[in-house]
**Q** 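Let me give you the structure first, and then I'll get to my questions.
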Amino acid sequence: MKRTLIVGNWKMNLDTSQASLLVHRLEERIKIHQDIEVVLAPSLLTLQPLSLQIDRRKFRLAAQNAYLKDEGAFTGEVSFTMLRDLVHYVIVGHSERRLYFHEDLDMVRDKVAAAIRNEITPILCVGETQVERRAGETKQVLHDQIMSALSNLTDQEVSEVVIAYEPVWAISTFSGILAKPDEVKQALVFIRKQVEDLYGSRAAKKIRVLYGGSVDDQIVGGYLEIEGCDGVLVGGASLNYHKFSGIVEKAYAVKHAPEKESDGEDS
Ligand code: 13P
């Protein structure tokens, strides 16, 4: 059974006490669901106190970034090695890191490898910009980002990676245009096909592929109902406890909708 993955990326928002309050509010609302995995990605500074606060049956933690070397003279950085006891996941290659911090394909590849080396699951973000989409380059961009990011991994390691399709134009703080479920479906199918072509059908079946971009509690169902969509990566709406707990509830409802129960995926 694949668990639906709901990831809240808080980005550079919420100080330690605000983060603690949000977790408290979420804990009141979110129930334990065996088949839904809820992951919180707070700021680096907040990970340690939240790791002591969270109910681990309800939440797992993710870092939003880490450095590709395990230790050494890299002032200001935090390594995957330092995070390994604290988090299950690290977001790698988010478009904001690619655009604002100039993370290129090689850096993203090395970060994915560093995550795997340190037994942390990378959530690899891929997605085209508006300009690339208009130029008809979406598939090429996704192909290049996936090919290069996974290139140092074995088939087994690839199957453990999570890929999040986040078209830059759909992110709320960029243009926030809502991607149609049909457009998302095409991209998710393409991403899984890339994995299949490169690493075989076992890895393609096992790998989890998420969608991210202006997802909230009102529209999340349309994305989660897409066949092969294993969850969502949520930015803005994850800062609002009504919206984020609503997303988790909706994920549960979609998972347990009558027509889905017959596909044998649920326990
Ligand atoms: P929004 O949900 O605010 O569009 O952000 C998406 C995102 O970048 C999550 O990583």
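Scope of the values below: all heavy atoms of this structure, side chains included, with no hydrogens, waters or symmetry mates.
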**Q** Quick check: closest heavy atoms across I123 and A164, and the distance to 0.1 Å?
**A**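 In this case the closest contact between I123 and A164 is CG2-CB, 4.1 Å.
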
**Q** What distance separates S20 OG from R25 CZ, expressed to the nearest 0.5 Å?
**A**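 Answer rounded to 0.5 Å: 10.5 Å.
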
**Q** Going by atom types alone, do T81 and N118 pair a side-chain donor with an acceptor below 3.5 Å?
**A**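 Note: T81 and N118 side chains meet the donor-acceptor criterion.
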
**Q** Search all heavy atoms of R117 against all heavy atoms of L68 and return the closest pair with its distance.
**A**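 Shortest heavy-atom contact: NH2-O, 3.1 Å.
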
**Q** Less than 4.0 angstrom from a charged side-chain N to a carboxylate O is my criterion; do D106 and R109 meet it?
**A**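 A salt bridge is present here (some side-chain N lies under 4.0 Å from a carboxylate O).
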
**Q** Any carboxylate oxygen within less than 4.0 angstrom of a Lys/Arg side-chain nitrogen, looking at R84 and E119?
**A**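 Judged by the 4.0 Å cut-off on N to carboxylate O distance, R84 and E119 do form a salt bridge.
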
**Q** Are the charged groups of D55 and R57 less than 4.0 angstrom apart, N to O?
**A**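 Looking at R57 together with D55, the answer is yes, because their closest N to O distance falls below 4.0 Å.
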
**Q** Decide whether D216 and S214 meet the rule of one side-chain donor and one side-chain acceptor closer than 3.5 Å.
**A**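 Result is no, nothing qualifies.
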
**Q** Would you say the side chains of W10 and Q64 form a donor-acceptor pair under 3.5 Å?
**A**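 The answer is no; no qualifying pair exists.
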
**Q** Working to the nearest 0.5 angstrom, can you tell me the gap between I247 CD1 and T4 OG1?
**A**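 Going from CD1 on I247 over to OG1 on T4, the span is 13.0 Å.
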
**Q** Please tell me if the side chains of K11 and T173 come closer than 4.5 Å, counting only heavy atoms from C-beta onward.
**A**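 Side chain of K11 against side chain of T173, heavy atoms only: contact under 4.5 Å found.
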
**Q** Examine L45 and L21 and state if one hydrophobic cluster contains both, with Ile, Leu, Val, Met, Phe, Trp and Tyr joined whenever side-chain heavy atoms are less than 4.5 Å apart.
**A**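 L45 and L21: separate clusters.
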
**Q** Within the structure provided, determine whether V92 and C125 are in side-chain contact (heavy-atom separation under 4.5 Å).
**A**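 Contact flag for V92/C125 side chains = no.
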
**Q** Any side-chain heavy atom of L5 sitting closer than 4.5 Å to one from Y89?
**A**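 They are in contact (side-chain heavy atoms under 4.5 Å apart), so the answer is yes.
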
**Q** Find the distance between CD (E157) and OG1 (T121) and round it off to the nearest 0.5 Å.
**A**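 It is 11.5 Å, given to the nearest 0.5 Å.
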
**Q** Any ion pair linking D217 and K243 (charged N to carboxylate O, less than 4.0 Å)?
**A**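 No.
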
**Q** Is a side-chain donor-acceptor pair under 3.5 Å present for Q48 with S51?
**A**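 Looking only at side-chain atoms, Q48 and S51 do not form any donor-acceptor pair under 3.5 Å.
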
**Q** In terms of ring plane angle, is the pair H33 and Y252 parallel, tilted or perpendicular, where the classes change at 30° and 60°?
**A**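 Ring orientation of H33 relative to Y252: parallel.
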
**Q** Answer with yes or no whether the hydrophobic clustering places V141 together with I191; edges join I, L, V, M, F, W, Y residues whose side-chain heavy atoms lie under 4.5 Å apart.
**A**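 They do not share one cluster, since no chain of ILVMFWY contacts under 4.5 Å joins V141 to I191.
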
**Q** Is there a side-chain contact between R208 and E37 in this structure, where contact means two heavy atoms from C-beta onward sitting under 4.5 Å apart?
**A**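 Yes - at least one pair of side-chain heavy atoms lies under 4.5 Å apart.
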
**Q** For the atom pair NZ (K139) and CG (D144), what is the distance rounded to the nearest 0.5 Å?
**A**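 So the gap between those two atoms works out to 14.0 Å.
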
**Q** Could you verify whether a donor N or O on one side chain and an acceptor N or O on the other, from T46 and S43, lie under 3.5 Å apart?
**A**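 Yes.
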
**Q** Salt bridge check, R98 against E166: does any charged N sit closer than 4.0 Å to a carboxylate O?
**A**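 Judged by the 4.0 Å cut-off on N to carboxylate O distance, E166 and R98 do not form a salt bridge.
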
**Q** With a 4.5 Å cut-off on side-chain heavy atoms, are V184 and C229 touching?
**A**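 The answer is no; the side chains never approach within 4.5 Å.
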
**Q** Would you call R97 and E103 a salt bridge, using N to O less than 4.0 angstrom?
**A**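 Yes, R97 and E103 are salt-bridged.
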
**Q** Could you verify whether a donor N or O on one side chain and an acceptor N or O on the other, from Y165 and E128, lie under 3.5 Å apart?
**A**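 Yes, side-chain donor-acceptor contact under 3.5 Å.
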
**Q** When hydrophobic residues are tied together by side-chain contacts of less than 4.5 Å, even through go-betweens, does V90 share a cluster with I207?
**A**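 Same cluster: V90 reaches I207 through Ile, Leu, Val, Met, Phe, Trp or Tyr contacts under 4.5 Å.
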
